[in-house]
J.: 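Structure in structure tokens, see below.
Order of appearance sets the numbers: ligands from 1, and atoms from 1 within every ligand.
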Amino acid sequence: MDSKSSTLNVDGTSVEMSIKRGTIGPSVIDISKLYGQTGMFTYDPGFTSTASCESKITYIDGDEGVLLYRGYPIEQLAEHGDFLETCYLLLYGELPTAAQKADFDYRVTRHTMVHDQMNRFFQGFRRDAHPMAIMVACVGALSAFYHDSTDISDPHQRMVASMRMIAKMPTLAAMAYKYSIGQPFIYPKNDLDYTSNFLRMCFAVPAEEYRVNPVLSRALDRIFILHADHEQNASTSTVRLAGSSGANPFACIAAGVACLWGPAHGGANEAALKMLEEIGTPDRIPEFIGRAKDKNDPFRLMGFGHRVYKNYDPRARIMQHTTHEVLSELGIRDDPLLDVAMELEQIALKDEYFIEKKLYPNIDFYSGITLKAMGFPTSMFTVLFALARTVGWIAQWSEMIEDPSQRIGRPRQLYTGAPRRDYLTVAQRG
Ligand code: SDX
């Protein structure tokens with residue numbers, strides 16, 4: 001019979017702590033009373049053994065390589081559904097009926113335009129500004145344009161802000177891309193589906209009609225599904241912590257964008273492609289594998305390894321399939337980067353170091369090859385990740401705001417600095 005509590009002996013004091021069980025996955029020991037009863041904190045830098053919250057949205061089994069959105073396997077959602085259906089599922093907890101899906105699509109579509117003065121906001125950036133720098137700024141600036149949906153205590157305003165962000169991220173992302181290449185912004189068109197609209201805003205020019213390739217649109221829509229949510233990863237935890245202070249939703253999502261930018265997180269897709277380009281040819285792979293294993297070399301195989309997945313990232317498998325589908329549709333018979341990536345994967349997965357440390361390709365390993373083939377510059381890869389992850393951030397933020405036990409997140413520390421000491425005047429400092 002599973003125990004309902006655990007006892008911790010601290011300096012002769014026995015502390016009983018309840019054990020909470022989830023639907024599936026690891027149970028948790030509730031340590032919330034530990035400090036009050038022992039005067040001690042737990043210590044877990046990087047939160048490798050810490051559950052920060054209770055959630056019903058996404059479940060990951062890292063050992064089995066399982067990813068569920070509201071209980072549905074990512075493989076099934078990616079195969080049968082579209083991104084806005086996944087958005088509805090993550091936000092509301094159930095797959096939509098036909099009528100619910102039509103209404104949701106209609107509502108998102110009619111929020112895709114941004115306040116026209118944002119165009120002037122863009123003019124302040126250098127043309128060579130990194131698109132992620134622009135996204136951090138513009139997403140945060142949405143709260144300066146949409147004051148009527150910043151009151152987090154009002155469920156209607158929370159819903160409007162959520163719709164606005166899901167709808168406007170593609171428009172802002174496309175604007176960031178267009179601005180970086182000196183082309184005019186393309187307005188959204190309401191008769192296009194979400195991802196086709198985004199592709200057109202990125203690649204159409206006023207000088208001629210643009211026909212969206214349905215195979216590429218479907219592939220990118222599937223890539224968005226793969227990136228939509230992922231439990232309490234670094235950027236989602238950032239959004240939750242920012243939201244716990246009562247900050248407005250646009251500011252919270254901007255914080256998530258900023259955190260995602262790091263190369264250890266969402267920035268890995270950009271870093272992985274740059275790594276594949278640096279390797280260049282399969283004969284150089286052993287040199288880089290050696291560097292990745294060298295403790296004295298900070299180099300890591302970008303797109304490999306994961307805090308949770310100690311098996312193949314299920315998203316990476318679907319991503320690899322999508323890569324082949326896109327390259328085939330574009331008539332790219334042999335992509336040297338794909339050759340390097342597949343050879344690198346084969347060699348790494350047979351290498352004792354990677355086997356022992358359970359390092360497998362993650363979602364970022366193949367995504368860059370696909371996005372580059374579609375015509376996106378490397379600097380846009382993490383922007384696309386942020387576009388897709390916005391719905392996950394919002395769903396997790398909403399779950400936190402609606403949790404009656406929610407309070408401001410405020411971790412403590414182990415202090416190892418100077419003990420109390422008195423001020424010395426300059427003359428006393430020697
Ligand atoms: C994402 O959390 C999420 O869910 C994130 C994400 C999401 O959808 O939100 O899945 C998206 O961020 C995917 C991960 C993208 N990042 C990368 O591909 C960057 C390369 N990977 C690593 O930096 C690393 O694997 C992390 C950051 C992903 C995970 O780091 P951990 O869990 O802190 O693991 P670690 O750094 O402690 O590594 C454990 C060991 C170490 O060796 P030892 O110190 O034990 O000897 O494995 C080694 C590491 O040196 N290691 C690697 C490696 N990743 C880990 N060695 C070589 N190459 C790598 N890629």
Side-chain angles (χ1 to χ4, degrees), residues 44-52 55 57-63 65-69 74 78 86 90 132 223-240 256-276 279 285 287-319 341 344-345 347-349 351-369 381-382 384-393 395-396:
D44 184 18
F47 310 121
T48 52
S49 301
T50 295
S52 60
S55 180
I57 299 171
T58 293
Y59 176 73
I60 303 172
D61 182 329
D63 294 330
V66 168
L67 171 58
L68 309 176
Y69 289 167
I74 189 69
T86 290
L90 289 170
M132 279 299 280
I223 292 170
F224 288 162
I225 292 172
L226 299 179
H227 287 80
D229 192 50
H230 213 235
E231 200 215 67
Q232 305 310 319
N233 58 85
S235 54
T236 297
S237 300
T238 300
V239 170
R240 278 181 172 261
V257 176
C259 176
L260 187 76
W261 194 0
H265 190 15
N269 53 19
E270 179 177 353
L273 193 90
K274 286 179 176 167
M275 175 192 73
L276 293 174
I279 294 173
I285 290 173
E287 170 198 340
F288 285 82
I289 294 269
R291 287 187 56 196
K293 292 157 62 172
D294 180 356
K295 281 251 150 296
N296 301 317
D297 188 331
F299 172 79
R300 289 196 165 179
L301 279 190
M302 301 316 283
F304 255 78
H306 199 277
R307 169 61 57 78
V308 178
Y309 288 122
K310 299 312 171 190
N311 197 324
Y312 211 99
D313 181 337
R315 304 169 298 174
R317 214 182 294 285
I318 302 167
M319 197 67 243
L344 174 58
E345 177 185 349
I347 294 173
L349 294 185
D351 186 288
E352 206 36 58
Y353 173 90
F354 292 88
I355 294 169
E356 184 249 326
K357 294 188 186 298
K358 298 185 178 180
L359 302 174
Y360 292 86
N362 59 50
I363 191 166
D364 295 307
F365 188 61
Y366 286 102
S367 56
I369 297 169
F381 293 175
T382 310
L384 300 186
F385 194 150
L387 186 166
R389 185 52 59 88
T390 293
V391 64
W393 289 329
Q396 301 269 354

J.: One pair to check against side-chain contact (heavy atoms from CB on, under 4.5 Å): E345 and Y312. What are the steps and the verdict?
T.: CA-CA 11 Å; E345 177 185 349; Y312 211 99; 2.7 Å; yes
J.: Knowing that exactly one of T58, D313, D61 qualifies, which makes a side chain to side chain contact (heavy atoms under 4.5 Å, CB included) with L67?
T.: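 When side chain to side chain contact (heavy atoms under 4.5 Å, CB included) is applied between L67 and each of T58, D313, D61, only T58 qualifies.
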J.: Between S237 and Q232 (side chain of the first, backbone of the second, donor and acceptor by atom type, cut-off under 3.5 Å), is there such a pair?
T.: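 Yes; judged by distance alone, with no hydrogens or angles, the pair exists.
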J.: In this structure, which one of W393, Y59, Y309, Y69 forms a ring-ring contact (aromatic ring centres under 6.0 Å, His included) with H230?
T.: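 Per the ring-ring contact (aromatic ring centres under 6.0 Å, His included) rule, the option paired with H230 is Y309, out of W393, Y59, Y309, Y69.
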J.: Before giving the answer on side-chain contact (heavy atoms from CB on, under 4.5 Å), spell out for Q396 and D229 the whole-Å C-alpha distance, their side-chain angles and the decisive distance to 0.1 Å.
T.: CA-CA 9 Å; Q396 301 269 354; D229 192 50; 3.0 Å; yes
J.: If the criterion is any heavy atom closer than 4.0 Å to an atom of ligand 1, which residues make the list?
T.: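 Ligand 1 pocket, heavy atoms under 4.0 Å: H230, N233, P263, A264, H265, A268, A292, K295, R300, L301, M302, G303, F304, G305, H306, R307, R315, Y353, K357, L359, N362, D364, F385, R389.
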J.: Checking D297 now: which residues fulfil salt bridge (charged side-chain N to carboxylate O under 4.0 Å, His left out) with it, not counting sequence neighbours?
T.: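 With neighbours one apart ignored, the set is R291.
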